[in-house]
Peer 1: 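Got a structure for you, written out below as structure tokens; questions coming shortly.
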Amino acid sequence: MTLRFYDTATATVRDFAPAHPGEARLYYCGATVQGMPHIGHVRSALVFDQLARWLAHRGYRVTTVRNVTDIDDKILANSAASFAPDYDGDHPCEPWWALAYRFEQAFNAAYDAIGVGRPTYEPRATGHVPEMHALIRTLVDAGHAYPAPDGSGDVYFDVRSWKRYGELTHQSVDDMQDAPDADPRGKRDPRDFALWKGHKAGEPETARWDSPWGAGRPGWHLECSAMAAKYLGEHFDIHGGGLDLRFPHHENELAQSTAAGQRFATLWLHNGLVTYAGEKMSKSIGNTVSPADMLAEARPLAVRYYLGQAHYRSVLDYRPTSLAEATAAVERVESFLRAARDAGADLEGTAGDVPRAFGDAMDDDLNVPQALAVLHETVRAGNSALADGRAAELPARAVRAMTDVLGLTGLMDLGDAAGNPGEHAALDALVRSLLAQRDRARAAKDWARADAIRDELAAAGVAVRDASGGSTWSVA
């Protein structure tokens with residue numbers, strides 16, 4: 001099957017036809033590092049990590065770019081409201097660039113924890129101001145942008161000058177909301193968006209760059225267009241990001257890049273959002289769950305499995321039982337691979353060991369749920385073979401090849417090459433022995449003994465979660 005993806009711009013599933021033969025060039029929006037990462041950030045990064053891994057598996061030379069927005073209105077506002085972590089002087093506010101760097105590291109730690117590969121390039125907006133100036137100049141010269149006449153130093157994109165504006169989200173300009181990214185007094189149309197923001201009184205002197213239009217800083221949308229073109233060229237294959245970025249961010253990127261004469265991205269891919277028990281996550285409601293919360297409850301292996309198990313375009317709904325269910329599912333895979341190795345199977349799978357049904361699913365708009373169904377069916381077949389005393393090498397190699405592609409293998413505890421269990425396997429055996437004793441005590445209604453075992457595990461830093469399918473554990 002040919003690789004096919006759902007293109008947001010055309011609302012159709014299209015064949016993947018690389019702009020450069022043998023290559024796959026992918027840009028997806030990274031974080032605006034104004035605060036700690038949330039699940040939506042990590043899910044988006046994981047989706048495009050899965051995509052990059054699959055493109056590489058299919059033989060493409062993959063180049064990925066994930067930007068870091070390290071200068072922004074919200075970063076400046078959060079800096080002004082913050083206190084420096086090691087404050088002992090007259091200036092308690094944490095500098096905006098220090099705050100941005102601190103949160104950038106928090107994002108990378110969350111990505112690394114669940115095995116999201118580092119992109120080929122991870123450019124920061126503040127490192128690409130000259131490229132942004134060049135793009136603004138092109139747009140001004142072409143009549144698609146203009147400096148504000150009020151002396152503010154702002155430069156705006158003229159949305160009505162570009163007849164294709166709205167093509168990504170299929171909207172008419174007249175139906176769009178006003179652009180809220182700058183004071184509208186210097187705009188020809190309230191929907192015009194800022195390419196360059198003039199420096200304002202009270203803003204840090206370090207948050208300004210000289211430009212032909214006055215000192216200031218770049219607009220958010222401009223940053224991605226400039227960095228995508230620098231690292232991937234003016235025509236590349238895929239632009240991705242969360243569904244919430246379609247408008248105005250991606251619409252504005254597409255407009256300014258194509259108005260400047262670029263072909264820009266061939267395909268637009270957008271991942272769905274994350275909800276909590278069917279409701280939008282909100283701090284005001286108190287139903288938010290952070291990556292740190294998830295990693296405190298379950299192994300990184302289970303967190304990656306959970307965040308990556310739904311189709312990338314669908315909503316991912318988080319429930320209190322989600323991680324326990326993901327743990328049970330992925331540890332069945334891990335247990336089979338360990339058992340197969342103990343029985344003498346060689347687990348060094350290769351790309352050729354990936355089952356055709358798995359490949360067909362992944363080729364069909366990255367259908368991970370269907371691919372996981374193939375994975376679990378292969379595990380069941382392998383376990384049946386082991387139970388019957390038959391060789392399980394072929395299913396074991398297939399399972400290992402699939403977990404490699406999905407980025408799960410590196411988070412598993414499969415023991416060493418000689419079959420000796422790793423640290424997690426050894427701990428798992430001990431904890432499960434205690435959980436079995438606890439189950440027997442509960443069956444005998446010896447609640448004191450059952451509670452004592454749970455307390456003993458808790459004292460050792462092991463959290464136990466009881467569910468209908470049995471108890472699971474994680475390091476608290």
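Given the structure is predicted, the values throughout are model-derived calculations rather than measurements.
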Peer 1: Between R25 and D237, is there a salt bridge with N-O shorter than 4.0 Å?
Peer 2: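 No.
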
Peer 1: So do Q50 and V405 actually touch side chain to side chain, heavy atoms under 4.5 Å?
Peer 2: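 A side-chain contact is absent here, since even the closest heavy-atom pair is not under 4.5 Å.
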
Peer 1: Keeping Y28 on the side-chain end and G242 on the backbone end, is there a donor-acceptor pair under 3.5 Å?
Peer 2: no

Peer 1: Using 0.5 Å steps for rounding, measure from the CG atom of N383 to the CG atom of D388.
Peer 2: 11.0 Å

Peer 1: So which atom in A302 and which in T327 form the shortest heavy-atom distance, rounded to 0.1 Å?
Peer 2: CB-OG1, 3.2 Å

Peer 1: Do the ring centers of Y27 and Y231 come within less than 6.0 Å of each other?
Peer 2: no

Peer 1: Hey, does I39 have a side-chain heavy atom less than 4.5 Å from the side chain of M294?
Peer 2: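 Answer yes - side chains close enough.
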
Peer 1: Could you measure the distance from the CG atom of N287 to the NZ atom of K280? Nearest 0.5 Å is fine.
Peer 2: 10.5 Å

Peer 1: Looking at D317 and A277, would you say the former's side chain and the latter's main chain have a donor-acceptor pair under 3.5 Å?
Peer 2: yes

Peer 1: Hey, are the side chains of W54 and D363 touching, using non-hydrogen atoms and a 4.5 Å cut-off?
Peer 2: yes

Peer 1: Looking at Y121, I want to see if its OH is surrounded by more than 12 non-hydrogen atoms of other residues, nucleotides or ligands under 6.0 Å.
Peer 2: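 No, not enclosed.
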
Peer 1: Taking the side chain from S79 and the backbone from I75, do they hold a donor-acceptor pair closer than 3.5 Å?
Peer 2: no

Peer 1: May I ask you to decide if V68's main-chain N or O and E122's side chain share a donor-acceptor pair within less than 3.5 Å?
Peer 2: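 A pair under 3.5 Å: no.
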
Peer 1: Answer yes or no on whether R319 is positioned over the face of Y276, meaning its NZ or CZ is under 6.0 Å from the six-membered ring centre and within 45° of the axis.
Peer 2: no

Peer 1: Give a yes or no on whether a salt bridge exists between D413 and R299, defined as a side-chain N under 4.0 angstrom from a carboxylate O.
Peer 2: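 Salt bridge: no.
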
Peer 1: Could you tell me how the ring of W268 sits relative to the ring of F264: parallel (under 30°), tilted (30 to 60°) or perpendicular (over 60°)?
Peer 2: tilted

Peer 1: For a quick test of reading the model, state the closest non-hydrogen atom pair linking C29 to N67 and the distance between them.
Peer 2: CA-OD1, 3.3 Å

Peer 1: Compare all side-chain heavy atoms of R118 with those of D112 and state whether any distance is below 4.5 angstrom.
Peer 2: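 With C-beta onward as the side chain, the pair touches.
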
Peer 1: Determine yes or no for a side-chain-to-main-chain donor-acceptor pair under 3.5 angstrom, with T32 supplying the side chain and T69 the backbone.
Peer 2: no

Peer 1: Which pairs with one or both residues in residues 449-463 pass side chain to side chain donor-acceptor pair (under 3.5 Å), sequence neighbours excluded?
Peer 2: Q437-R449, R454-D466

Peer 1: Going from NE2 on H311 to CD on Q370, what distance comes out if it is rounded to the nearest 0.5 angstrom?
Peer 2: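 That separation rounds to 10.5 Å.
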
Peer 1: Are L347 and L337 close enough that some pair of their side-chain heavy atoms sits under 4.5 Å apart?
Peer 2: yes

Peer 1: Which residue pairs pass the ring-ring contact (aromatic ring centres under 6.0 Å, His included) test when at least one of the two sits in residues 436-457, sequence neighbours left out?
Peer 2: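 Matches after skipping sequence neighbours: none remain.
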
Peer 1: Can you check whether E253's main-chain N or O pairs, donor with acceptor, with S257's side chain at less than 3.5 Å?
Peer 2: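 Flag set: sc S257 to bb E253 pair under 3.5 Å.
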
Peer 1: Would you say E223 and H128 make side-chain contact, with heavy atoms under 4.5 Å?
Peer 2: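 No, every pair of side-chain atoms sits at 4.5 Å or beyond.
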
Peer 1: Mind checking whether H221 and H249 have parallel, tilted or perpendicular rings, split at 30° and 60°?
Peer 2: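 Rings of H221 and H249: tilted, as their planes differ by 30° to 60°.
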
Peer 1: Could you tell me whether D365 and R4 make a salt bridge, using a distance below 4.0 angstrom between a side-chain N and a carboxylate O?
Peer 2: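 Result for this pair is no, no salt bridge flagged.
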
Peer 1: Assess whether a salt bridge exists between D49 and R66, defined as any Lys/Arg side-chain N lying under 4.0 Å from an Asp/Glu carboxylate O.
Peer 2: no

Peer 1: Answer yes or no: is there a donor N or O on one side and an acceptor on the other, between the side chain of R341 and the main chain of L414, under 3.5 Å?
Peer 2: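 Yes; judged by distance alone, with no hydrogens or angles, the pair exists.
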
Peer 1: Step by step, would you call V274 with V315 a side chain to side chain contact (heavy atoms under 4.5 Å, CB included)?
Peer 2: CA-CA 6 Å; V274 183; V315 171; over 6 Å; no

Peer 1: With no hydrogens and no angle check, is any side-chain donor or acceptor of R304 less than 3.5 Å from a backbone partner on L406?
Peer 2: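 Yes, the answer is positive, given that a donor and an acceptor are paired below the 3.5 Å cut-off.
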
Peer 1: For the aromatic rings, using the six-membered ring if either is Trp, is the centroid distance between H41 and F107 under 6.0 Å?
Peer 2: yes

Peer 1: Mark yes or no for whether S290, through its side chain, and H38, through its backbone, hold a donor-acceptor pair below 3.5 Å.
Peer 2: no

Peer 1: Charged N to carboxylate O below 4.0 Å: is that the case for D404 and R400?
Peer 2: yes

Peer 1: For atom CD of E205, decide whether the heavy atoms of other residues, nucleotides or ligands shown that lie under 6.0 angstrom number more than 12.
Peer 2: yes

Peer 1: Among D70, D181, D73, whose salt bridge (charged side-chain N to carboxylate O under 4.0 Å, His left out) with R217 holds?
Peer 2: D73

Peer 1: Assign the ring pair H239 / F236 to parallel, tilted or perpendicular, where the plane angle (0 to 90°) is split at 30° and 60°.
Peer 2: tilted

Peer 1: Mind listing the closest non-hydrogen atom pair of S44 and N271 along with its distance?
Peer 2: OG-OD1, 2.9 Å

Peer 1: Take T321 and E325 through the test side chain to side chain donor-acceptor pair (under 3.5 Å) and record every step on the way to the result.
Peer 2: CA-CA 6 Å; T321 59; E325 293 163 359; 3.0 Å; yes

Peer 1: Would you mind reporting whether L51 and L26 have side-chain heavy atoms less than 4.5 Å apart?
Peer 2: yes

Peer 1: For E297 versus Y318, what's the shortest heavy-atom pair and its separation?
Peer 2: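 Here E297 and Y318 meet closest at OE1-OH, 3.4 Å.
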
Peer 1: Under a 4.5 Å cut-off applied to non-hydrogen side-chain atoms, are T275 and M281 in contact?
Peer 2: no

Peer 1: Give me the atom names and distance for the closest heavy-atom approach of V368 to G308.
Peer 2: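 In terms of heavy atoms, the two residues are closest at CG1-O, 3.1 Å.
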
Peer 1: In Å and rounded to the nearest 0.5 Å, what is the OH to CZ distance from Y101 to R124?
Peer 2: 6.5 Å

Peer 1: Could you grab the distance from atom OG1 of T8 to atom NE2 of H270, nearest 0.5 Å is fine?
Peer 2: 5.0 Å

Peer 1: So that I can tick it off, tell me whether E348 and R397 are bridged by a salt bridge, with the cut-off set at under 4.0 angstrom between side-chain N and carboxylate O.
Peer 2: no

Peer 1: Is K74 paired with D72 through a side-chain N to carboxylate O contact shorter than 4.0 Å?
Peer 2: no

Peer 1: More than 12 heavy atoms of other residues, nucleotides or ligands under 6.0 Å from CZ of R61: is that the case?
Peer 2: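 Counting neighbours around CZ of R61, 12 or fewer heavy atoms of other residues, nucleotides or ligands fall under 6.0 Å, so no.
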
Peer 1: How long is the gap from OG1 on T64 to CZ on R53, to the nearest 0.5 Å?
Peer 2: 11.0 Å

Peer 1: Using atom types as modelled and distance alone, determine if a side-chain donor or acceptor of S314 lies under 3.5 Å from a backbone N or O of A310.
Peer 2: no

